[in-house]
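First up is the structure itself, then whatever we jot down about it.
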Amino acid sequence: MNRDAPTGADRVAVVTGAGRGLGLETCRQLAARGCRVVLTARDAGRGSRAAHDLADAGPEVATAVLDVADPDSIAAFAGWLEREIGRLDVLVNNAGVPPDGGGLSVFDVPLETMQRAMATHVYGPLLLTRSVLPLMEAGGYGRIVNVSSTLGQLQSMGPRWPAYRISKAALNALTAATAAELEARGSGNILVNSVCPGWTRTDLGGPKAPRSVQEGADTIVWLATLPDDGPSGGFFQDRRKIDW
Ligand code: NAP
C-alpha cells in the first residue's frame with residue numbers, strides 16, 4: 001500500500017554532484033524547505049566537508065558517495081539508499097563536467113571527451129533514475145530534475161563544445177522519454193523535468209558569470225518541489241518553459 005504523500009518535513013531528496021556549486025546550493029535550499037537531504041559526491045571527504053558547511057541550513061543532511069559515471073557506484077548507492085533511508089521523493093541529477101575546452105568541434109572532439117560527457121550527463125541519470133524509481137513508485141510521489149543547459153537546445157544548436165551540447169541534448173531527450181514512460185506505466189504522479197540554471201558563478205561557469213548560485217538553483221528547487229498538478233516532461237529556465 002502506498003504511504004501517504006509526504007509533506008515538506010519528511011521528503012527525502014537526493015542531489016548528485018553536490019560537493020560544490022549548484023548541487024551544494026540546491027541541497028542548502030531544499031534543506032531550508034524542510035527536506036531530508038542526501039548530499040552525494042564522488043569524493044567522500046568533499047561530501048563531508050560540504051555537509052558540514054550546511055549544518056545550519058535545515059533539519060538533516062546525510063552524505064553518501066556516488067560517482068554517476070560508474071554503474072557499480074550507482075548500484076551500491078541505490079542499495080544503501082533503500083537499506084538506510086528506505087524512501088525517495090526528490091532526485092536532482094545535477095552532476096556535470098565542464099564544456100569541452102580547446103575550441104573543439106564535432107570534427108575533432110576526442111571520443112574519450114564524448115564518452116565522459118555522455119557517462120556523466122546521460123548514462124548516469126538514466127541508470128540512477130531507474131535504480132531508485134522503485135522507491136519513488138512505492139511512495140506514490142516523485143520529482144526528478146535533470147540539470148541541463150541551453151547549450152543543448154536543438155532549436156539554437158551552435159558550434160563548439162560538442163560533447164557538452166550533444167550530451168545535454170541527450171539528457172533533455174531522456175527527460176521527455178522518462179516522462180512519457182512514467183505516464184504509460186501509471187506513474188504520472190512522478191514529475192520529471194529538465195532545467196537550465198543559467199550562466200552561474202561556479203567552478204564550471206567561471207567568475208564572470210552573471211548569476212549567483214542562489215539564483216542558479218532557484219528553478220532547480222522550484223521543479224524539485226512542484227505541486228501535484230505541476231508540469232512534467234518539459235524544459236525550464238527562470239520558472240518558465242523553454243524550447244528543446
Ligand atoms: P561545478 O561547480 O563544476 O560542479 C560540478 C559538480 O559535478 C561537482 O560537484 C563535481 O564533483 C560533480 N561531478 C562531476 N562528475 C561527476 C561524477 N562522475 N559523479 C558525481 N559527481 C560528479 O558546476 P556547476 O556549475 O555547479 O554545475 C552543476 C550542473 O549545472 C551541471 O550539470 C552543469 O552542466 C549545469 N549547468 C551549469 C551552468 C553554469 O553556468 N554554472 C550553466 C548551465 C548548466 P567533483 O567535486 O568531484 O569534481
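The structure displayed is predicted, hence computed values, not measured ones. Position 1 is the first residue of the sequence; numbering continues from there. Counting starts at 1 for both ligands and their atoms, following the listed order.
The shortest contact between atom 22 (C) of ligand 1 and any protein heavy atom is with A95 CB, 3.6 Å. Of all protein heavy atoms, the one closest to atom 19 (N) of ligand 1 is V68 N, 3.0 Å. At the shortest separation from atom 31 (C) of ligand 1 among protein heavy atoms lies N94 O, 3.2 Å. Residue, atom and distance of the protein heavy atom nearest to atom 10 (C) of ligand 1 are R20 NH2, 3.7 Å. Among all non-hydrogen protein atoms, the one lying nearest atom 11 (O) of ligand 1 is R42 NE, 3.8 Å. Among all non-hydrogen protein atoms, the one lying nearest atom 25 (O) of ligand 1 is T202 OG1, 2.6 Å. Nearest protein heavy-atom neighbour of atom 42 (C) of ligand 1: G198 O, 3.3 Å. Nearest protein neighbour of atom 14 (C) of ligand 1, counting heavy atoms only, is G96 O, 3.4 Å.
Ligand 1 has no nitrogen or oxygen under 3.5 angstrom from a nitrogen or oxygen of S149. Considering backbone and side-chain N/O atoms, T120 never comes within less than 3.5 Å of an N/O atom of ligand 1. Considering both main-chain and side-chain atoms, D43 never comes within under 3.5 Å of ligand 1 through any nitrogen or oxygen pair. Any N or O atom pair closer than 3.5 Å counts here, and A18 shares no such pair with ligand 1.
Proximity of V195 to N193: side-chain heavy atoms (C-beta onward) are nowhere separated by under 4.5 Å. L182 places a side-chain heavy atom less than 4.5 Å from the side chain of L133. Between R36 and I85 there is a side-chain heavy-atom pair separated by less than 4.5 Å. Considering only heavy atoms from C-beta on, C27 comes within 4.5 Å of L54 through its side chain. Put simply, the side chain of V147 reaches to within 4.5 Å of the side chain of P197, judged on heavy atoms. Side-chain contact between P207 and R201: absent, with no pair of heavy atoms (C-beta onward) separated by less than 4.5 Å.
T113 and D100 share no donor-acceptor pair across their side chains, judged by distance under 3.5 Å alone. Side-chain contact annotation: T175 with S194, donor-acceptor N/O pair under 3.5 Å present.
Note on ligand 1: K168 sits in its first shell, one or more heavy atoms being nearer than 4.0 Å. Using a non-hydrogen distance threshold of 4.0 Å, D67 registers as a contact of ligand 1. Taking a 4.0 Å cut-off on heavy atoms, P197 registers as neighbouring ligand 1.
Judged by distance alone, the side chain of N94 and the main-chain N or O of G17 form a donor-acceptor pair under 3.5 Å. Listed for the S212 side chain is a donor-acceptor partner under 3.5 Å among the backbone atoms of E215. Panel note: side chain W199, backbone G205; a donor-acceptor pair is recorded below 3.5 Å.
Closest heavy-atom approach to atom 20 (C) of ligand 1 among the candidates L66, V195, L22: L66.
Remark: R143 is positioned above the aromatic ring of Y141, its terminal NZ or CZ atom under 6.0 angstrom from the ring centre and at most 45 degrees off the axis.
Heavy atoms of R46 found under 4.0 angstrom from ligand 1 belong exclusively to the side chain.
The V147 neighbourhood of ligand 1 comprises atoms 29 (C), 30 (O), 32 (O), 35 (C), with distances under 4.0 Å to a heavy atom of that residue. For ligand 1 and G21, the ligand atoms under 4.0 Å from any heavy atom of the residue are 2 (O), 26 (O). Per-residue contacts place S148 under 4.0 angstrom from the following atoms of ligand 1 (heavy atoms of the residue considered): 43 (C), 44 (C). Near Y164, the atoms of ligand 1 lying under 4.0 angstrom from a non-hydrogen atom of the residue are 33 (C), 34 (O), 35 (C), 36 (N), 43 (C), 44 (C). Atoms of ligand 1 found under 4.0 Å from any heavy atom of G205 (numbered from 1 in listed order, with element): 40 (O), 41 (N). Less than 4.0 angstrom separates some heavy atom of A69 from each of these atoms of ligand 1: 18 (N). If you number the atoms of ligand 1 from 1 as listed, the ones under 4.0 Å from a heavy atom of W199 come out as 40 (O).
Salt-bridge formation is detected for the pair D238/R211: a Lys NZ or Arg NE/NH1/NH2 atom is positioned less than 4.0 Å from an Asp or Glu carboxylate oxygen.
Using a 30° and 60° split on the angle between ring planes, F235 and W244 fall in the parallel class, below 30°.
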